[in-house]
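Before any comments, here is the structure.
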Amino acid sequence: MAAIKKGDRIFLVDGSSFVFRAYFQSMNQDRKYNARSDGLPTGAVRLFCVKLLQFIRDGAVGIKPTHLAIIFDKTEDTFRREIYPEYKAHRPDPPDELIPQFPLMREAVRAFGLIPVEQGGFEADDIIAAYACQAADAGAEVLIVSSDKDLMQMVRPGVTFYDFESGIKGKPGYRPERRLDRDGVIEKFGVPPEKVPDVQALIGDPTDNVPGVPGIGIKTASQLINEYGDLESLLARTAEIKQPKRRETLEQNAEAARLSKKLVTLDCNMKVDTPLEDLVVPELDAKHLLGFLKAMEFTAITKRVSDLYEVDASQVEADPRLAPDGSATADLLAGVDPDSDEKPAATASAPAKPKTKKDLDLGADLTPQGLAAQRAATAKSAKIDRAAYTIIDDAAKLERFLERAFDGGVLSIELLTSSPDPMVAEIVGIALAIAPGDAAYVPVGHRAGNDLLSGGGLAPGQLPVRDVIARLAPLLRTKGVMKIGHDLKPDITVLAQHGLDVVSFDDIQLISYVLDAGRESHGLDSLAEAHLGHTRLKHGELIGKGRDRVALDNIDITRAAAYAAEAADVTLRLWRVFKPRLTAERMTTVYETLERPLVPVLSRMERSGIAIDRAMLARLSGDFAQTMARVDDEIAELAGERFNLGSPKQLGDILFGKMQLPGGSKTATGAWSTRANVLEELAEQGHVLPERILEWRQVSKLKSTYTDALPTYVNAQSNRVHTSYALAATTTGRLSSSEPNLQNIPIRREDGRKIRKAFVAPKGHKLVSADYSQIELRLLAEIANVPTLRQAFQDGVDIHAMTASEMFGVPVKDMPSDVRRRAKAINFGIIYGISAFGLANQLAIGRDEAGAYIKKYFERFPGIRDYMDETKAFCRDHGFVATIFGRKMHYPEIKASNPSLRAFNERAAINARLQGSAADIIRRAMIRIQPALDAASLSAKMLLQVHDELVFEVPDGEVEKTLPVVKRVMEEAPLPAVALRVPLQVDARAADNWDEAH
DNA sequence: TTCTAAGCG
DNA sequence: GGTTGCCGCTTAGAAT
């Protein structure tokens, strides 16, 4: 092997921290991917392999390694234990699922053609340090891959520290990847790398049981080391330290500090048995690797490797030693390390092989779960062949196919339309499936060509859309045939434009939502992947990308047929998997009362749309533009230059660079934060520019998102705006609204309210807005069963004033508005799973004060603390929480070991029971509104839902009669399923526009 | 495509 | 293995 030289790029990977990372990341993912069919946990190994492959192929931070060392700890009995028996003594044992994976990681390293490096009596850190020095001396470039900050002391010319991202982006506990050079270490520790052990000696490390000096944190430590040079000088000159307390503790703990420094110091001089030059990255032997991956039953990465290296994975045997029946894995399951020399001779008496799914006698299992598994097996069994679907191009064929659908009683439907917006979409084709593999495509709207000359005419070989719809109508309208789809609402909307209504249907997106909200996504692609192991033809591939993108009605019929019929086929197969799960998991009622009936209701609301006053919005846009220009000028004056006010980066440079204002927090990516609360703080200190920025941002938001954008959503035919509601977008059961989002129309500030005035009723009509008053707090009183709160709602008193009175001992009468405001913030905080930090932020008070408020609150309303503790405990035990109507919301990360992620999930779970129950109540109301209006012969149209509010359009003459009907239906919505002990209150008003009605 | 900020309940 | 930070969403524009 060639000696290490300049130009070599060497990755020194800290195997232990790599393994733990992979493990915790795997625990954040779905559990079902974390074990092999025989029960052997493999999640960490899988992610370990994914990362290794990435390192070998792409490297990291733009560097591709020539040498790759994966270094493991061999034993805990290192020299550190000798000098300090307590070293790492309190470290808990690794989790059970991880233990059998340690030897597998070493197998994985070998499978990639690499050598796992370890050496008795040394930690990985020691070996890494020795390698790093060697390599740097030889002029090579070294990347230390670890999350252990002990290794940061090794940073020097040629050596940088790299830690890849951890956690899940956008969630608490997430850390982006980072690469530290000398400056980076200085930023982190306040001292250069060579002084890091001195600083660590003072602060200690509780996880490794390194004592340090009590009461000294990173700030004090780096300040002291910078002042005195190093630990020994500091300890020699403690007399000079001014703070008596600090001097005393330093003197008392001098020996502990010296010991700590010995424990954390890494040195270059260890003799490593494995020469660094042996660790050159070899040509990858894909077959060998695939043998390992197949033995582990990793599907995705197996496919990736076979694609990348053009090896047919099906021709490769799973490594027999590690495959589920292999002797090595039997040992792993029995807790024996196959690498160990102490392997018992009696391998022959390996434990009985655990039953795999395939071993189960499905025919004998008549439990609902068993039946579900059986159905799943049949749905999977027949192979999906895209080319085998029928194209129906004449009436007789269609007739025969539909007859068979009548006989079968099941019809899966997928519409191909010319636009994703169902309000303008034309039907291009209809795919139908009646049994797995038995699907057909009926083209009706394909165009003859996509060039200008031939464009316009229909392609040959299609049936007239009207005829097809006429023949389809009896099937759609009969209860005798179950119609099945995935996300049926848009299709129902399109069909409704043709005068067709769909009676008796199932929507597998909604079934999936009912069963798996919070733990799986509900898109057709991911469902097909997860439950059928099938990858669907991509929509992007069908219509092309960028410049080559074509309109859907210009797609070739054969290709469209393959795509759409496959969707219908997959949908039908998924229905056979999912439908039995509904009964097996006792979720049928939830699905049939809260989900399915809402589909036609929402479709109808979307089709109704709402009228807006475009002239009013245009005027507002003009006003806002003027304001923005004026503020822009003022800011240019204040800053001394013009810059893009919309760029947080440029603004940060001006505020914290040029103007040297005190910067507060940084964002996740390390940029200065210029969020509203940061700017507000600066404004309070008397700085004018931040205040102007806030004004500009507010106006800019109103203009771009509302006054400019809303008119572009007006439908040319109806002259109204039609939003789209998603039923399965939130974990809690709330709806979401998009294109445009009509659930976030401004109301809180005067400027914004003007936009709400542009939502109007047409002549002769009024808008009626009806909203639940304090519904989530009422549900808190109900679910947590807090007598004081329940009584307050029964008495109809001001709930925030009552809370303030209880907590601060102030009488409700003539209560200062600020006291009430605080109580209100606490009440909302409780709903959100309160933290002292969050409340302090909200009220701009100290954390101690906020903590005291919370304590007081829990004393006054003891049921609330119990509610929170119970919710967390239940969620930990079951992985989900439920609404008062039984809808489940899953939080698999509630057990995450990352404290911030875990706490986040606990708060979410606490909030979910309330938010979700409220969502269920308004869903029940929405489903009942139309029948109630019909019964009263009223013609009001329900237009919008905004979480706790419904908006109707009502003829002037019917307003008086409509208000009480709406109010009654909403207030009685929980009945008869649930009789609340707290009254619900709905306020309803009518006006010419939404602002005044609300 | 990702990040940051801002709108709502 | 290191420490965050009040729940649920969608949209727009800049930066990458």
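The structure displayed is predicted, hence computed values, not measured ones. A, B, ... follow the sequence lines: proteins, then strands. Residue 1 opens every chain.
Comparing C/dC9, C/dG1, C/dC7 by their closest approach to the side chain of A/S736 singles out C/dC9. Listed candidates were C/dG1, B/dG9, C/dC7. Nearest to the side chain of A/D948 is B/dG9. Among the nucleotides B/dA5, C/dG1, C/dG8, the one closest to any side-chain atom of A/R697 is B/dA5.
A side-chain N or O of A/R822 and one of A/Y853 form a donor-acceptor pair less than 3.5 Å apart. Side-chain atoms of A/Q945 and A/Q743 include a donor-acceptor pair closer than 3.5 Å.
Computed from coordinates, the A/N898 CG to C/dG5 P distance equals 10 Å when rounded to whole Å. Note: CG (A/L950) to C1' (B/dG9) measures 13 Å, nearest angstrom. Atom C1' of nucleotide B/dA6 and atom OH of A/Y706 are separated by 8 Å, given to the nearest angstrom. One interatomic measurement links the two molecules: CG of A/L655 to P of B/dT4, which rounds to 16 Å at whole-angstrom precision.
Side chain A/R907 to base C/dG5: no donor-acceptor pair is found below 3.5 Å. Contact of A/Q743 with C/dC9 (side chain to base): no donor-acceptor pair of N or O atoms is detected under 3.5 Å. Interface remark: the A/R847 side chain does form a donor-acceptor pair with the C/dG5 base, using a distance-only criterion of under 3.5 Å. The base of C/dG1 lies close enough to the side chain of A/S897 for a donor and an acceptor atom to sit less than 3.5 Å apart.
In this structure, A/R865 places its CZ atom where only 12 or fewer heavy-atom neighbours from other residues, nucleotides or ligands lie under 6.0 Å away.
Between B/dC8 and A/R734, no contact under 4.0 Å exists linking OP1 or OP2 to a side-chain N or O. OP1 or OP2 of B/dA5 sits under 4.0 Å from a side-chain N or O of A/T674. Taking 4.0 angstrom as the limit, A/T731 places none of its side-chain polar atoms (N or O) nearer than this to OP1 or OP2 of C/dC7. A/S835 has no side-chain polar atom (N or O) that falls below the 4.0 Å cut-off from OP1 or OP2 of C/dC6.
With rounding to the nearest 0.5 angstrom, the CG atom of A/D14 is 6.0 Å from the CG atom of A/L151.
Counting only residues at least two apart or on different chains, the salt bridge (Lys or Arg N to Asp or Glu O under 4.0 Å) pairs with a member in residues 914-923 of chain A are A/E595-A/R923, A/R887-A/D920. Judged as a salt bridge (Lys or Arg N to Asp or Glu O under 4.0 Å), the pairs with a partner in residues 728-745 of chain A (not counting sequence neighbours) are, in order, A/R734-A/E776.
The residue from A/R753, A/K754, A/R748, A/R749 that alone fulfils the salt bridge (Lys or Arg N to Asp or Glu O under 4.0 Å) condition with A/D751 is A/K754.
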The contact string for nucleotides 11-16 of chain C, one letter per nucleotide 5' to 3', using protein heavy atoms under 4.0 Å with B, S and - for base, sugar-phosphate only and none, comes out as BSSSSS

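A/A903 comes within 4.0 angstrom of no nucleic acid atom, judged by non-hydrogen atoms across all strands.
Evaluation of A/Y832 against the base of C/dC6 yields no stacking contact (centre distance < 5.5 Å, interplanar angle < 30° required).
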